[in-house]
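Take a look at the structure set out below.
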Number of protein chains: 2
Amino acid sequence: MISQKAKYALRALLALARAPHDSAVSIAQIADEQSIPKKFLEQILLELKHHGLVESRRGKAGGYSLFRPADTISFGEVLRIIDGPIAPLPCLSRMAYRRCADCGDEASCEVRRVFSRVAEETRDVLDRTSIASALGRTLADIAPDRYGIQAR
Amino acid sequence: MISQKAKYALRALLALARAPHDSAVSIAQIADEQSIPKKFLEQILLELKHHGLVESRRGKAGGYSLFRPADTISFGEVLRIIDGPIAPLPCLSRMAYRRCADCGDEASCEVRRVFSRVAEETRDVLDRTSIASALGRTLADIAPDRYGIQAR
DNA sequence: CAAATCTATACTCACCTTATAGAGTAAGTA
DNA sequence: TACTTACTCTATAAGGTGAGTATAGATTTG
């Protein structure tokens, strides 16, 4: 299960992607539209900003907007920022590998072998699907590499 | 991430599947071999027993053994027993569907659409892989339906 | 300056995970 | 029968995580 927070993050990014280009959308507006607790959403957007996915303008008429084109932001990237590793086992994570303390030999671990297939399929979907392609208005699914979507 | 408990459960079942047919293996032996805390493993095996995956004999020379053939026990079934739903979103679970409170319309939810593909791929692997096939000694991967592995 | 808005950190609170403890029950065995 | 081994069940607890709230502050623009 992905966290509620990650779901909010994705919904917020989708909302920003739908907004007219270069127009800032206020936290309040997104929170209201998407039924996300406002203060919680503030934290989430701040985190996405720290990771360079969105930018913000302060003051009256301020708000958030995407910092990168919507077809260069993959679901996988967002999930890794908010929820951490996607892999089903620590010993299968690329961003935060950790050996399983109780596993004698990784190469012969049956559990690992099975879940590595799960991990592969999951990354396949999440790293190839961008915010734009989820909205169904891009070519990123067809040639994602060209758009700089993070490689698996 | 799957839970430590689920990993223990799978490892215990794999150990039972490796044991000579119809011979009971004691909790202590499995715990020792697999480096699983004994009292914790007791709980896990008991739970698997209640769900009809293993059987037990008490007394001296007692222990656990598989109740069903190893190629009829899928990874998915074990995970659902120990960790609950496999789906990445409550609104995608077949065993425990729950509408997302904050989602207006499921049919048009982009997040749901993307993760339904993840769920499908994941189930594909987990429900088609059995304890036996993980050990690499069965035909269940080739014709799983014939062996009664739970359909997706 | 005032209002709207973002920035940052700290805090709560319930629930889940990962066990551990201990008393009880059953089956074989000397 | 008494003893030993092993499974059965319930309770409990420490620690972590998830999902927010609260509070205070900093910027920008009108």
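As judged by a 4.0 angstrom heavy-atom cut-off over every strand, A/Ile27 is placed among residues touching the sugar-phosphate backbone only.
A/Ser56 has a side-chain polar atom (N or O) that falls below the 4.0 Å cut-off from OP1 or OP2 of C/dT7. The shortest distance between the side-chain N/O atoms of A/Lys49 and the OP1/OP2 oxygens of C/dT7 is below 4.0 Å.
Residues that satisfy the side-chain hydrogen bond (donor to acceptor under 3.5 Å, both in side chains) test with A/Ser108, not counting sequence neighbours, are A/Asp105. Scanning for side-chain hydrogen bond (donor to acceptor under 3.5 Å, both in side chains) contacts around B/Lys39 gives B/Glu42, with sequence neighbours left out.
Across the protein-nucleic acid pair, B/Lys60 atom NZ and C/dG28 atom C1' stand 8 Å apart, rounded to whole Å. Atom pair B/Leu41:CG and C/dT18:C1' shows a separation of 13 Å (rounding to whole Å applied). At whole-Å resolution of the value, CG in A/Asp102 and C1' in C/dT18 are 13 Å apart. Rounded to a whole Å, the CG atom of A/Leu48 is 14 Å from the P atom of C/dC6. Whole-Å rounding puts the B/Arg57 CZ to C/dG28 P distance at 8 Å. If you measure from atom CG of A/Leu45 to atom P of C/dA8, you get 13 Å, rounded to the nearest angstrom. Taking atom CD1 of A/Ile30 as the reference point, atom C1' of C/dC6 lies 12 Å away to the nearest angstrom. Rounded to whole Å, atom C1' of C/dC6 lies 15 Å from atom CD1 of A/Ile44.
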Can you build the contact string for nucleotides 11-24 of chain D? Use B for base contact, S for sugar-phosphate-only contact, and - for no protein heavy atom under 4.0 Å. B-------SBB-BB

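In this structure, CD1 in A/Ile2 is found 4.0 Å from CZ in B/Phe115, a value given to the nearest 0.5 Å.
With distances taken from any side-chain atom of A/Tyr64 to the nucleotides D/dA6, D/dT8, C/dC6, the minimum falls on C/dC6. You'll find that the side chain of A/His50 is closest to C/dA8, out of C/dA8, D/dC7, C/dA4.
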Donor-acceptor pairs under 3.5 Å, side chain of residues 8-17 of chain A to any protein atom, not counting sequence neighbours: which ones?
residue: A/Tyr8; atom: OH; partner: A/Gln4; partner atom: NE2; Å: 3.0
residue: A/Arg11; atom: NE; partner: A/Gln34; partner atom: OE1; Å: 3.0
residue: A/Arg11; atom: NH1; partner: B/Asp102; partner atom: OD2; Å: 3.2
residue: A/Arg11; atom: NH2; partner: A/Gln34; partner atom: O; Å: 2.5
residue: A/Arg11; atom: NH2; partner: B/Asp102; partner atom: O; Å: 3.2

Validation: residues 25-33 of chain A side-chain donor-acceptor distances under 3.5 Å, sequence neighbours left out:
residue: A/Ser26; atom: OG; partner: A/Gln29; partner atom: N; Å: 3.1
residue: A/Gln29; atom: NE2; partner: A/Glu33; partner atom: OE2; Å: 3.3

Using atom types as modelled, flag every donor-acceptor pair under 3.5 Å from a side chain in residues 81-92 of chain B to any protein atom, sequence neighbours excluded.
residue: B/Asp83; atom: OD1; partner: B/Ser3; partner atom: OG; Å: 2.5
residue: B/Asp83; atom: OD2; partner: B/Ser3; partner atom: N; Å: 3.0
residue: B/Asp83; atom: OD2; partner: B/Ser3; partner atom: OG; Å: 3.4

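For a distance-only test at 3.5 Å, the side chain of B/Arg58 fails to qualify as a donor-acceptor partner of the base of D/dT8.
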Criterion salt bridge (Lys or Arg N to Asp or Glu O under 4.0 Å) on A/Glu77 and A/Arg68, from CA distance to verdict: CA-CA 13 Å; A/Glu77 184 175 2; A/Arg68 281 162 32 194; 2.9 Å; yes

